[in-house]
Amino acid sequence: MDKRKTWRDQEENLVQRWNAANERYRVAHAGNLATEVEAARAELETLRRQVARLKSEFSTGKRY
């Protein structure tokens, strides 16, 4: 049970970070701020890899 709570907390943290990064990207893109757009895009790519890893762990049975 304790692992499930830890995993759930990790997933919720990832979702919050994803939403924040998307908002930063949207604001930077709307403001035409090239350096901030690139930084937000790089952060989103990192988060995409983390999501892919979690999905892989879930599908192989390492989570839940």
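Along the sequence shown, the residues carry numbers beginning at 1. Below, all heavy atoms of this structure are taken into account, side chains as well, without hydrogens, waters or symmetry copies. What you see is a predicted model; the values in this text were computed from it and never measured.
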Worksheet item: Between the side chain of S59 and the main-chain N/O of K55, is any donor-acceptor distance below 3.5 Å?
Response: yes
Discussion item. Between L54 and V15, is there shared hydrophobic-cluster membership here, with clusters defined by ILVMFWY side-chain heavy atoms closer than 4.5 Å?
Written reply: no
Item to complete: Can you see which heavy atom on R63 is nearest to which on F58, and at what distance?
Response: O-CD1, 3.9 Å
Fill in: Distance in Å, W18 CH2 paired with E43 CD, rounded so as to fall on 0.5 Å steps
10.0 Å
Practice prompt. Might you confirm whether atom CZ of R8 has over 12 heavy atoms from other residues, nucleotides or ligands at distances under 6.0 Å?
Written response: no
Worksheet item: Between atom CD of E12 and atom CD of Q10, what is the distance when rounded to the nearest 0.5 Å?
Response: 11.0 Å
Worksheet item: Would you say E11 and Q16 make side-chain contact, with heavy atoms under 4.5 Å?
Response: no
Worksheet item: Which pair of non-hydrogen atoms, one from R41 and one from Y25, has the smallest distance, and what is that distance?
Response: NH2-OH, 3.4 Å
Practice prompt. To the nearest 0.5 Å, tell me how far L14 CG sits from D9 CG.
Written response: 12.5 Å
Discussion item. Looking at every non-hydrogen atom in both residues, tell me the closest pair between R24 and A40 and how far apart they are.
Written reply: C-CB, 4.3 Å
Item to complete: With sequence neighbours left out, write down each residue that passes side-chain contact (heavy atoms from CB on, under 4.5 Å) with E36, or none if nothing qualifies.
Response: A28, L33
Worksheet item: Mind checking whether N22 and R26 have side chains closer than 4.5 Å, heavy atoms only?
Response: no
